[in-house]
Every structure is written in C-alpha cells, then in structure tokens.
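Letters A, B, ... are given to chains in the order of the sequence lines, protein chains preceding strands, and every chain is numbered from 1.
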Protein chains: 2
Amino acid sequence: MKFDPRHLEILAAIVDHGGLTEGAQVLGKSQPSVSRTLSQLEARIGAPLFQPGRRPLQPTTLGLALAEQGRAVLQANRTAGEIANRYRSGHSGLVRIGGTPIFMDGVLAPMIALFQQNVPDVRVDQSYGYADTLIEGLRSGRFDLAILPLQPDNVPDGLRFQPILPGRNVIACRTGHPLTRRRLVTLADIAEYPWIAPPTESPLYKDLHQALSRIGARDFRISFSGGSLASVIGVLAGSDSLTVLPYSVTFQMAPQNQITTLSLEIGHPDRHLGLLFMPGRDTSPATQRFRNFVVAQFEALSNRIARRRKEQLWR
Amino acid sequence: MKFDPRHLEILAAIVDHGGLTEGAQVLGKSQPSVSRTLSQLEARIGAPLFQPGRRPLQPTTLGLALAEQGRAVLQANRTAGEIANRYRSGHSGLVRIGGTPIFMDGVLAPMIALFQQNVPDVRVDQSYGYADTLIEGLRSGRFDLAILPLQPDNVPDGLRFQPILPGRNVIACRTGHPLTRRRLVTLADIAEYPWIAPPTESPLYKDLHQALSRIGARDFRISFSGGSLASVIGVLAGSDSLTVLPYSVTFQMAPQNQITTLSLEIGHPDRHLGLLFMPGRDTSPATQRFRNFVVAQFEALSNRIARRRKEQLWR
DNA sequence: TGCTTAATATACCATGATGTTATGAAATTC
DNA sequence: GAATTTCATAACATCATGGTATATTAAGCA
C-alpha cells in the first residue's frame with residue numbers, strides 16, 4: 001500500500017495539534033480541505049484513523065502509528081528546506097575559482113581560509129592558470145570566477161571584469177639583503193645580483209623584463225625560474241637573489257618577515273588585479289557571497305596598504 | 001523554503017537509479033512527467049540539482065543532499081505502507097471482546113494466548129458481562145465481538161449469532177471426590193454435598209436450578225456463590241462441594257487434574273455457546289482474524305471432545 | 001432534557017499540478 | 001559522423017486539491 005506523503009504530513013499535523021481545525025491552521029489550509037484528506041485516507045486504508053464519534057478527535061493506534069511516519073516525512077521536508085536555504089543564502093555550495101598562481105598563493109589563499117571560517121560548508125575548488133586558460137574556463141563553465149591581472153580596457157567579450165587592486169610591482173629580496181641597508185638603490189647596485197624569474201607564461205615574467213629594460217638594466221642574470229610562489233620565496237629567502245612581485249603579495253607576506261622590498265621604483269604595468277566572471281551565467285549564491293567577500297577583503301587590503309604608505313612617507 | 005515531499009521522493013528515485021528514464025520507470029511514471037517535476041524543483045530552488053549538460057545526469061552536491069531527504073520521505077512512506085498492510089491483513093490492531101466470565105476464563109483465555117502467539121501485535125481488550133450488557137456493548141460499538149450462551153432462535157435484532165458449541169452442562173467436583181468412586185451416582189448420593197453456585201446473573205445459575213429441579217433435587221445447600229471461575233475452582237478443589245459447569249470448561253481444565261465430572265446426566269439447556277456480533281458494522285481485519293481463529297479453535301475443541309466421548313463409550 | 005457552542009463533515013466550484021503521448025534536441029558511443 | 005541513448009518540450013486531459021458556504025454532530029451546561 002502506497003501513500004501520498006503529503007497525506008501523512010497532514011495526519012501528523014492533525015494528531016500533533018489535537019484536532020482538525022488546529023491542524024488545518026498550522027498547515028495553512030482550510031479545515032474542510034484537511035477534513036476531506038483525512039476522510040480519503042481513512043477510505044483508502046479502510047479503517048478509522050481516529051475514534052469515530054469523538055469530538056476532540058482522538059487517534060486510533062493505527063492513526064498514531066501512521067502519524068509517526070508523517071512526522072518523519074515532515075522532518076525530512078524541513079531539513080530539505082534548511083539545506084535549500086543554506087544553499088540559497090550562500091552558506092553552502094561550491095565555488096570554482098581559477099587564478100594566476102602567484103596571486104592565488106600569495107593573496108587569495110589566506111582570504112579563502114578566512115572565508116571558510118565564516119562559511120565552513122562552502123567548498124572552494126581552486127585551479128591555477130593564466131589569462132587564456134582562465135577565460136576559456138569561464139566560458140566553458142569550468143570556473144565560476146577567475147582572479148587575474150588584466151587591462152581594464154581589454155576585457156574579453158561577454159565577460160565582466162571587476163578591478164580590485166592596481167597592478168603595482170616591486171623588486172623583492174630577502175630581509176637582511178645587503179641592498180636593504182642602502183637608503184637609495186641604484187641600477188649599478190642591483191646589477192651584480194642574480195634574478196629569480198616567474199614562469200614564462202606568467203604576466204609577471206613580462207613585467208620583469210619590461211621593468212628592468214625600463215630602468216635600463218640589461219644582461220641581468222637569471223638564476224632560477226618557473227617555480228611557484230612557495231619556491232620563489234624559498235629561493236629568495238635563502239639567497240641574495242632579486243625578483244619582481246606584486247606589491248600586494250609582498251605586503252601580505254610582510255608579517256612573516258622573510259622578504260622585503262627595495263626602494264627602487266620600477267614602472268607599473270597598466271594592468272589591474274581583478275575578478276573576471278560571466279555576468280550572463282546565473283552564479284551560485286555561494287559564488288556571489290565569495291565574490292563579495294573577496295572584494296571586501298581587497299578593499300580592506302587596499303586601505304591597509306594606503307595607511308602603510310602614509311606611515312612610510314611620514315617617516 | 002517548503003517542498004512537496006513527492007518531489008523529494010522523485011529526486012531520490014532519479015539519483016538512486018542513475019537517471020531520469022530509469023527513475024521514472026521505478027516510480028511508475030512517464031519520463032516527461034519526472035523530467036518536468038525535476039525542472040520545477042530546480043526552478044524553485046534556483047539552482048541545478050544535476051550537472052547541466054551531462055547526459056548520464058550526475059547530481060550536484062545540493063542534489064545529493066536533497067535526495068537524501070527524499071530517501072527519508074520514501075522510507076517513511078514505505079513503513080507507513082507496511083503498517084497499513086499489517087493492519088489490513090489483521091496482523092495488528094485491536095479486538096474488543098466481551099463475554100460471560102466463566103467461558104472467558106475457562107475457554108477463551110487460553111485461546112487468546114494461542115492467538116497472540118501467531119499475531120503478537122494484535123491487542124485484545126477483554127471485558128466481562130452477561131447477555132444484556134454484551135448486547136448493549138455490541139450495539140453501542142464498545143465491543144467488536146461477544147462470546148456468550150444464547151438460544152439460536154432468540155438472537156437480538158440486528159445482531160448475528162454464530163454458534164460454536166452446544167451448551168452442555170455437567171456436575172463438577174474435585175478429583176478424588178468420594179462420589180467419583182461410584183460407577184453410578186444417584187440423587188441420594190449428591191444430596192448430602194453442598195453446592196457452589198455461580199453469580200446469580202450468570203446463565204449458569206439458572207441452569208443449576210433447572211438441572212437440579214429436573215433431576216428431582218430439592219433443598220440443596222449452597223455453600224459458596226458469586227465467585228469467578230478461579231475462585232469456584234479454588235473452592236471446588238479444596239472441598240467436597242459440587243457445582244455445575246459447562247462441559248467445555250471442565251474439558252479444557254482436565255489436564256490440570258484439579259477437577260472432574262460426575263457421571264450423572266443432567267438436562268442440557270437449549271442454549272449454544274457462540275459468537276455474537278453486528279454484521280452491519282465494518283469489523284476490523286484483526287477482529288475478523290480473531291473470529292476466524294476462535295471458530296477454528298472451537299471446531300478443534302469440539303473434535304477433541306467427540307473423540308474423548310468415543311473413547312469413554314468404548315471403555 | 002433541551003439549548004448552546006464548538007468541531008467536524010458535506011456540497012459545490014475553480015484551478016492548478018500531474019499525468020499522458022508525440023516529438024524535438026543534445027550528448028555519448030562506436 | 002552516424003547511431004543511439006537520454007533528456008527536454010509541447011499540447012492537452014483530468015483528477016486531486018483548495019476554497020467558501022453550509023449542514024451535521026458531539027460536548028458542555030442550564
């Protein structure tokens with residue numbers, strides 16, 4: 001024998017609220033509607049679910065047993081609603097992000113950790129990639145969100161770019177590096193040190209070349225290249241090599257006291273770090289929540305950077 | 001957010017059977033119907049429950065979580081069906097029987113025990129009463145079934161009577177009673193022993209008087225009266241008193257070896273022991289099962305009595 | 001008892017969800 | 001790239017559900 005689970009729900013409501021009228025109220029239905037459903041149920045089963053001819057409507061044993069199952073249905077329904085609500089409010093779900101490795105490792109990873117402290121049931125799938133890969137991933141729906149440096153006037157068709165930080169690069173070295181003792185670093189000073197180069201596909205790689213050629217450096221020596229941020233930092237901290245890094249990355253890593261920046265101004269690329277996504281596709285609530293969170297975090301980061309600069313100028 | 005529990009069931013079926021088509025088959029619905037329900041669900045939630053653009057239809061995390069609740073609904077629904085089936089087949093429920101005390105205690109109680117060995121989830125509510133009470137109880141719906149001695153041509157209006165044993169009374173005494181040694185008991189023999197009388201409302205009481213007057217006994221002495229079967233047997237077994245009991249009762253009690261019967265024929269009342277019930281009222285399956293069981297048991301009892309009598313005659 | 005009140009059942013109608021068949025579109029498979 | 005499987009869409013019928021109005025019935029009370 002097969003029931004309509006809604007009928008079991010209704011039975012449970014009647015039993016639990018002691019009467020047809022109250023049960024109907026709780027269910028948000030009219031009393032006659034509930035009454036008829038009950039009649040149908042009893043007719044289907046061929047047995048009374050309530051003592052017949054009793055006005056405060058007392059359930060039979062059978063009625064009680066079935067109401068129990070109705071409660072189970074109600075419960076499952078409720079938790080299903082909960083699950084959906086959590087999803088719709090962005091408290092659970094999946095965010096698939098892609099981004100350039102250095103930013104991902106240096107800036108975003110700590111933010112993801114913070115995000116998941118607030119919203120632990122949102123799973124974040126992170127992938128590495130450079131512009132072309134990321135754009136393709138967004139278009140094909142493999143990513144919900146990409147984070148990468150981009151020229152704001154060069155945004156791919158059909159995608160939206162939300163800048164979050166100006167692309168400002170600096171020359172980084174280990175703390176305690178000989179050059180950090182000098183108040184003013186000249187081109188001649190840096191010439192003798194080897195360089196760590198990012199992977200060739202990385203935009204930073206082009207930045208490095210551009211910056212060095214702009215300040216007139218030529219024939220610089222590359223001692224290490226192609227590593228992730230972790231290996232770059234590892235080599236940097238254990239040698240007197242120099243490298244080019246986004247300022248945001250060095251800023252975020254400042255507390256660890258492993259690396260620092262040289263006070264040699266190099267030109268800034270005309271790119272902005274930002275979030276890229278497809279405005280057409282209906283993004284999941286979790287993704288939206290994550291995007292808002294990242295934007296807010298970068299806002300905060302930007303403020304901290306500005307304050308820091310003001311302090312340095314003041315000194 | 002509130003769901004239709006049937007939709008959750010459908011979702012669970014799709015997930016568990018790996019696809020829309022198979023899910024629909026299991027549910028006994030057409031594939032388009034299930035497909036639309038799924039679309040509606042996704043539309044309501046505003047999120048895909050299955051990876052879009054995948055043909056063997058793989059569920060998302062959200063889909064899996066909701067399917068889990070759907071399974072819970074399905075499970076509750078299944079056990080509700082089980083409960084109903086058990087009820088409808090008479091394997092659970094309530095039987096309210098009323099009957100005359102002596103028969104209830106002496107004959108029916110052991111049968112109830114046997115019945116509940118087969119069908120342990122059927123509850124039996126037993127009440128004592130004599131004809132008028134029982135008839136009134138049946139009419140008012142307080143009893144499902146009554147067991148009592150009745151004249152078959154004197155059945156109350158609107159009730160049906162199903163005879164199960166002829167009303168045959170015997171004179172009972174303790175085993176080892178002085179009279180049991182005699183091959184033939186005469187009126188003079190029994191005159192000196194006191195009598196145990198059933199309660200005055202009991203039909204047995206009238207039977208006792210009728211029987212004794214029919215065999216010519218007058219001025220018999222009543223030493224004890226009004227007790228239930230247990231007290232009657234108690235007094236009977238502990239004294240040389242005599243009493244009148246239905247033969248079925250003494251037969252059932254023979255194995256205990258407490259009481260026996262005198263070979264003094266007394267007249268039989270024109271009543272039959274039988275089941276009384278209202279044919280109009282829809283009896284519960286458990287009641288029907290119980291009635292069938294009791295009838296069968298009495299059939300068997302009747303056979304045993306007949307065999308026993310044959311054996312005795314043979315001797 | 002008989003009256004009053006509260007609770008439940010019934011009648012009737014409207015509507016909307018569900019089910020069906022027929023058919024189209026898309027993704028896998030070979 | 002054709003074949004096949006799988007899912008989505010369209011159009012329509014129908015039945016269950018929900019509503020309002022009203023009758024019926026049990027409980028409570030004088």
Side-chain angles (χ1 to χ4, degrees), chain A residues 1-45 47-60 63 67 70 73-74 77 139-142 282, chain B residues 1-45 47-60 63 67 70 73-74 77 139-142 282:
Chain A
M1 160 150 241
K2 173 87 178 149
F3 289 105
D4 185 330
R6 290 176 303 174
H7 294 179
L8 295 177
E9 283 187 343
I10 289 174
L11 175 61
I14 298 172
V15 169
D16 289 349
H17 296 90
L20 240 160
T21 312
E22 308 197 13
Q25 262 184 337
V26 170
L27 291 166
K29 301 187 194 302
S30 69
Q31 170 268 320
S33 173
V34 173
S35 170
R36 189 182 41 194
T37 303
L38 179 61
S39 301
Q40 287 177 349
L41 249 183
E42 290 184 325
R44 278 191 71 74
I45 302 173
L49 264 18
F50 291 87
Q51 316 280 2
R54 279 287 163 76
R55 260 315 145 76
L57 218 56
Q58 269 177 311
T60 61
V73 172
L74 222 46
N77 205 333
R139 288 227 168 91
S140 73
R142 285 206 322 281
D282 49 339
Chain B
M1 158 149 239
K2 174 85 177 152
F3 289 106
D4 185 331
R6 290 176 303 173
H7 293 180
L8 295 177
E9 283 187 344
I10 289 173
L11 175 61
I14 299 173
V15 168
D16 289 350
H17 297 89
L20 240 160
T21 311
E22 307 197 12
Q25 262 184 338
V26 170
L27 291 165
K29 300 187 195 302
S30 68
Q31 171 267 321
S33 173
V34 173
S35 170
R36 189 180 43 191
T37 303
L38 179 60
S39 302
Q40 287 176 350
L41 250 184
E42 291 185 324
R44 278 191 70 74
I45 301 174
L49 264 19
F50 292 86
Q51 316 280 2
R54 279 283 164 76
R55 255 323 144 72
L57 218 56
Q58 269 178 312
T60 61
V73 172
L74 222 47
N77 204 332
R139 288 227 168 92
S140 74
R142 285 206 320 281
D282 49 339

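- We find the CD-OG1 distance between Glu42(B) and Thr60(B) to be 7.5 Å, quoted to the nearest 0.5 Å.
- Position along DNA chain D of the nearest nucleotide to Arg54(B) versus Gly28(A) favours Arg54(B) as the more 5'-ward residue.
- Residue contacts for Leu38(A): at a heavy-atom cut-off of 4.0 Å it reaches no nucleic acid atom on any strand shown.
- Comparing dT6(D), dT20(C), dT8(C) by their closest approach to the side chain of Thr21(A) singles out dT8(C).
- Rounded to whole Å, the distance from CD on Gln40(A) to P on dT10(C) is 11 Å.
- When each of dC7(D), dA10(D), dT17(D) is scored by its nearest atom to the side-chain atoms of His7(A), the top-ranked nucleotide is dT17(D).
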Inset, instruction - Would you check, one step at a time, whether the test side-chain contact (heavy atoms from CB on, under 4.5 Å) holds for Val73(A) with Phe3(A)? - result: CA-CA 12 Å; Val73(A) 172; Phe3(A) 289 105; over 6 Å; no
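- A donor-acceptor contact under 3.5 Å links the side chain of Gln31(B) to the base of dA8(D).
- Set against dT20(C), dT20(D), dC7(D), the side chain of Ser30(A) has dT20(D) as its closest nucleotide.
- Residue whose closest nucleotide on DNA chain D sits further toward the 5' end, between Pro32(A) and Arg6(A): Arg6(A).
- Arg36(B) has its CZ atom 10 Å from the P atom of dA17(C), to the nearest Å.
- In this structure, Gln58(B) atom CD and dT6(D) atom P are separated by 14 Å, rounded to whole Å.
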